[in-house]
Amino acid sequence: MTITSSHLGSPSVWTDARLLHALEEVVEKELNRHLKVAKDWMPHEYVPWTDGRNFPGFFEDGEAWDKEQSKVTEIGRIALVVNLLTEDNLPSYHHEIATLFGRDGAWGTWVHRWTAEEGRHGIVMRDYLLTSRAVDPDKLEQFRMSHMSEGFESDNRHSMLHSIAYVAFQELATRISHRNTGHQSGDPVCDRMLARIATDENLHMVFYRNLLKAAFELAPDLTMQAVRDVVVNFRMPGHGIPGFERAAAQMAIGEVYNLRIHHDDVLQPVLRFLKVLEIDGLGPEGLKAQEELGLFMNGLDAEALKFDEKLAARKARMAVRAGG
């Protein structure tokens, strides 16, 4: 893809290759910082192995799954399946970013390190779910096969800037989803496991957020347009999961992830940190994108307010019914 910038001091024509080269030093710096602060952890240490027992099949003493065997709440079960199936598509995610960012130099080192860290998340979540019997293992495997068989193609694979902008928000969205799932799970063991995963996701967000900051300094107009496009059209990478829309609606009501959380805890922190809506000196296209981004955020806040009101009314009705 070729993109043109009128910003003084930058090349008259940006290509993805030029941007990759221009950001290489920043990637190396952020990679070194990440490696210093990231802590290795052992997935097996977060799994309650003594709770495990055989399932039916090859074992004569196998015990069929029943949801009453787990202390995990219904909303926790729904969110855990969505979160794990999202993590399961790691091979496709790796292919996407390795194709876009390359496998050489600091970019390649980061791609492989990120993949290795993300791999832990799927390992520990699946081990926890099966050992604690939080979900139906047969359905989980059927969902995994269906979801992974579809693969994954990023909405932003056409542009490196769009891809960087997307993951800056998406990593934070994933962190929030994992963290809130833990809070709503009803199981302290699950909460602790997801808190550990959320810590990784936050570090990944910081890496991409800082890279996005450098992109704004290099090509502010183009980066502003990328951020606008990503924010306006944002959707989670697990949108292809079977039954995703229904599960997402339940997670919204269960306050795991909804419009208010998306606006307040995902979009706003990144935009505020980078002072995106305060950047000046933009060209016509950059200024237009900034204005459209501001209008969109205002509209999203208004939509979130309506959702808040509906959710409060629903809680009030449920409280009345419970009081009988």
Side-chain angles (χ1 to χ4, degrees), residues 19 23 26-27 30 34 82-83 86-87 89-90 92-93 96-97 100-101 110-111 114 117-118 121 152-181 197-217 219-220 222-240 244 248 251-252 256-279 286 289-290 292-301 303-304 307:
L19 283 165
L23 289 169
V26 180
V27 171
E30 289 303 314
H34 177 84
V82 170
N83 290 353
T86 300
E87 299 286 357
N89 244 347
L90 181 60
S92 287
Y93 306 150
E96 289 282 311
I97 66 172
L100 190 65
F101 297 152
W110 166 254
V111 166
W114 174 86
E117 291 185 3
E118 288 287 343
H121 303 168
F152 172 80
E153 286 190 347
S154 170
D155 294 333
N156 302 288
R157 61 189 179 279
H158 63 287
S159 158
M160 199 197 77
L161 282 179
H162 283 72
S163 296
I164 291 174
Y166 175 74
V167 289
F169 294 105
Q170 179 266 319
E171 292 284 3
L172 182 52
T174 304
R175 171 192 179 273
I176 295 298
S177 181
H178 282 311
R179 200 69 193 94
N180 288 343
T181 298
I197 293 174
T199 299
D200 280 1
E201 302 290 7
N202 196 64
L203 291 178
H204 297 164
M205 179 276 293
V206 171
F207 179 95
Y208 287 119
R209 184 193 65 189
N210 292 350
L211 199 55
L212 187 59
K213 179 181 179 182
F216 266 115
E217 295 170 358
L222 299 173
T223 306
M224 185 66 73
Q225 292 172 65
V227 169
R228 173 203 57 197
D229 294 344
V230 164
V231 169
V232 170
N233 300 299
F234 185 89
R235 57 179 181 168
M236 293 292 276
H239 58 80
F244 178 78
M251 289 168 67
V256 171
Y257 200 96
N258 55 39
L259 279 178
R260 175 53 63 201
I261 292 169
H262 183 61
H263 178 276
D264 290 1
D265 300 337
V266 176
L267 299 181
Q268 283 284 31
V270 175
L271 295 175
R272 189 164 49 240
F273 179 87
L274 298 176
K275 297 182 172 60
V276 173
L277 297 178
E278 301 170 27
I279 293 174
Q290 186 182 48
E292 290 175 349
L293 178 61
L295 289 172
F296 176 83
M297 289 300 293
N298 289 337
L300 185 63
D301 187 40
E303 287 184 45
F307 176 83

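One-based numbering along the sequence shown. Source: prediction; values computed, not measured.
Side chains of N233 and D155 form no contact here, defined as non-hydrogen atoms less than 4.5 Å apart. Using a 4.5 Å heavy-atom cutoff, the side chains of P269 and L172 are in contact. With contacts defined as side-chain heavy-atom distances shorter than 4.5 Å, the pair H162/V227 does not qualify. The shortest side-chain heavy-atom distance between V26 and K213 does not fall under the 4.5 Å cut-off. You'll find the side chain of M160 stays beyond 4.5 Å of the side chain of S163, heavy atoms only. When side chains are defined from C-beta on, R209 does not count as touching L212, because their heavy atoms never get closer than 4.5 Å. Counting heavy atoms from C-beta outward, N258 and M251 have side chains that stay 4.5 Å or more apart.
The aromatic rings of H34 and F207 sit perpendicular, their planes meeting at an angle over 60°, well past the 30° parallel limit. Under the 30°/60° scheme for interplanar angles, the aromatic rings of H178 and H121 are found to stand perpendicular. Using a 30° and 60° split on the angle between ring planes, W114 and H204 fall in the tilted class, from 30° to 60°.
Contact record, S159 with L100: O-CD2, 4.4 Å, taken as the closest heavy-atom pair. The minimum heavy-atom distance linking A215 with T223 is given by the pair O-OG1, 3.0 Å. For the residue pair M224 and F216, the shortest heavy atom distance occurs at N-CE2, 3.6 Å. Heavy-atom minimum distance, F307 versus A252: CZ-O, 3.5 Å. Taking each heavy atom of S177 and V256 in turn, the nearest pair found is O-CG1, 3.8 Å. For I176 against D265, the heavy-atom pair with the smallest separation is CG1-O, 4.0 Å.
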W110 vs I97, side chain to side chain contact (heavy atoms under 4.5 Å, CB included): CA-CA, chis, key distance, verdict:
CA-CA 10 Å; W110 166 254; I97 66 172; 5.6 Å; no
Worked check of side chain to side chain contact (heavy atoms under 4.5 Å, CB included) between Y93 and E118
CA-CA 10 Å; Y93 306 150; E118 288 287 343; over 6 Å; no
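Between the Q170 side chain and the M236 main chain, no donor and acceptor come within less than 3.5 Å of each other. The backbone N or O of I279 sits less than 3.5 Å from a side-chain atom of Q290, completing a donor-acceptor pair.
Interatomic distance, N202 CG to I197 CD1, rounded to the nearest 0.5 Å: 14.0 Å. A distance of 11.0 Å separates CD of E30 from CG of L203, quoted to the nearest 0.5 Å. Interatomic distance, H239 NE2 to T86 OG1, rounded to the nearest 0.5 Å: 9.5 Å. Interatomic distance, L211 CG to L161 CG, rounded to the nearest 0.5 Å: 9.5 Å. Interatomic distance, L300 CG to L295 CG, rounded to the nearest 0.5 Å: 12.5 Å. Remark: M205 CE to T174 OG1 distance equals 11.0 Å, nearest 0.5 Å.
Among F296, Y166, F169, the one residue that satisfies the ring-ring contact (aromatic ring centres under 6.0 Å, His included) test with F234 is Y166.
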